[in-house]
Amino acid sequence: MIKVNKEGQVWVFAEQHLGKIEDTSLELMGRARELANKLGVQVGAVLLGSSVKNAADMLVHYGADTVYMGEHPLLEHYQTSSYSKILYDVIQKYEPQIMLFGATPVGRDLAPHVASAVKAGLTADCTDLQIGRHEIKKTGEVYDNLLFQIRPAFGGNIIATIINYDRWPQMATVREGVMPMPEPDGRRKGGIVEIKVSLSHADLVVEILDEHRRDKTVNLKASRIIVAGGAGVGSRENFRLIWDLANCLGAVPGASRAAVDLGFIDRDHQVGQTGTTVRPSLYIAAGISGAVQHQAGMSDSKKIIAINNDPDAPIFNVAHYKIVGDLNEVIPAMIKAIKEKV
Ligand code: FAD
């Protein structure tokens with residue numbers, strides 16, 4: 001366990017693939033900057049890879065004051081043992097007070113290894129991070145400037161705020177898409193601290209022979225308009241209605257988890273707590289009841305249109321425009337009206 005260092009930086013593990021920083025890490029840079037400003041400390045990013053200098057400069061543009069960069073040919077591919085060992089060493093040396101990871105497959109593997117090595121706590125899958133004050137009622141002890149690690153709990157029925165006042169660094173993984181992407185500033189200047197990395201094949205327990213990466217088939221986050229269908233659409237064949245309306249609007253089709261589980265559409269289209277978090281200009285939800293887990297991924301959309309034949313469906317609580325009716329009649333009417341306009 002490292003000692004409490006109130007001057008410690010706010011750190012982000014900057015995940016990269018072939019030198020390109022993952023979006024989640026860049027999103028985290030924005031929130032790290034805000035947290036650090038509140039604490040009056042600096043932002044650090046830890047970047048490991050085989051040839052990542054350009055990515056280091058990018059992290060400075062996205063808000064890093066210092067990039068701790070470790071370059072080595074054997075760091076080209078993520079491996080738990082090498083990456084967690086290096087992170088353990090740099091945390092011991094520089095004592096950040098907060099360490100953040102994206103809740104990506106890599107972050108979800110790396111963060112618990114590092115947390116257990118440095119004997120700190122870890123909150124997984126946060127949807128918000130704030131700085132706050134906590135008083136333990138029984139003893140009257142007050143802790144200022146703690147990281148509030150906020151995430152849905154008990155199946156999404158409550159939002160829990162988790163703190164970690166006696167184990168440092170305070171560590172969390174954060175879900176993709178929940179923090180807005182900051183604007184890069186090409187004029188920003190920052191420092192690069194090179195981490196000495198000495199690794200040999202003997203240090204790696206896994207030998208990577210070949211890599212196959214499956215990229216998502218759809219980019220929901222980048223879409224300005226999403227037309228999402230739920231279990232109420234009824235079948236994979238009927239989901240054609242959702243695709244047709246989406247095509248008419250230049251939108252991307254989204255889905256509830258129930259629609260995905262029922263095989264109406266591929267999982268890459270799922271919106272919500274265990275899918276993608278989106279905030280498009282327009283979100284059309286058809287045949288979706290609006291469970292909290294679905295709302296967690298779309299309620300920040302600028303305008304929401306809900307189509308549901310149940311006037312009491314919870315989706316109407318977050319919708320700006322409410323259409324009570326059968327989607328099998330409403331969607332064709334919408335498509336007809338749009339086609340007549342253009
Ligand atoms: P339903 O709840 O079955 O709703 C169908 C709706 O369609 C109803 O409101 C009905 O009135 C309406 N309808 C039926 N026929 C028509 C018609 N002809 N015209 C108009 N309306 C019609 N869910 C997600 O979406 N995303 C997640 O990421 C997610 N993560 C989860 C994580 C956890 C840990 C858990 C426990 C659950 C999660 N869920 C998630 C599931 C969530 O709780 C709901 O079960 C799911 O969102 C329901 O999907 P739905 O609204 O499509 O289906």
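Scope of the values below: all heavy atoms of this structure, side chains included, with no hydrogens, waters or symmetry mates. Start at 1 and go down the list; that is how both ligands and their atoms are numbered.
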Closer than 4.0 Å to some heavy atom of [X] - which atoms of ligand 1 meet that?
| X | answer |
| --- | --- |
| Asn328 | 18 (N) |
| Ala291 | 42 (C), 43 (O), 44 (C), 47 (O) |
| Ser256 | 25 (O), 49 (O), 50 (P), 52 (O) |
| Gly275 | 28 (O) |
| Asp326 | 17 (C), 18 (N), 19 (N) |
| Gly272 | 26 (N), 27 (C), 28 (O) |

Residues clustered with Phe154, ILVMFWY side-chain links under 4.5 angstrom: Ile158
With no hydrogens and no angle check, just 3.5 Å: does a side-chain donor-acceptor pair link [X] and [Y]?
| X | Y | value |
| --- | --- | --- |
| Thr274 | Arg257 | yes |
| Gln9 | Tyr68 | yes |
| Thr139 | Glu141 | yes |

Nearest non-hydrogen contact with atom 42 (C) of ligand 1 belongs to which option: Arg267, Gln273, Gln293? Gln293
Would you indicate whether the side-chain heavy atoms of Thr161 and Asp128 approach each other to under 4.5 Å? no
Does ligand 1 have an atom that lies less than 4.0 angstrom from a heavy atom of Gly325?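 Yes, Gly325 has a heavy atom closer than 4.0 Å to ligand 1.
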Looking at ligand 1, would Val271 count as a contact under a 4.0 Å heavy-atom criterion? yes
Suppose we measure from [atom] to each protein heavy atom; which comes out shortest, and what is that distance?
| atom | answer |
| --- | --- |
| atom 2 (O) of ligand 1 | Ser289 OG, 2.7 Å |
| atom 8 (C) of ligand 1 | Asn308 ND2, 3.8 Å |
| atom 31 (C) of ligand 1 | Arg257 NH1, 3.2 Å |

Considering only NZ, NE, NH1 and NH2 on the basic side and carboxylate oxygens on the acidic side, decide whether Asp65 and Arg188 come within less than 4.0 Å.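 Yes, this pair counts.
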State whether the side chain of Arg236 and the backbone N or O of Gly263 hold a donor-acceptor pair below 3.5 Å, judged by distance alone.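 Indeed, once roles are kept as given, a pair shorter than 3.5 Å links the two residues.
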Just verifying a value: how many Å separate Gln149 CD and Leu100 CG, rounded to the nearest 0.5 Å? 8.5 Å
Verify atom 45 (O) of ligand 1: protein non-hydrogen atom under 4.0 angstrom away: no
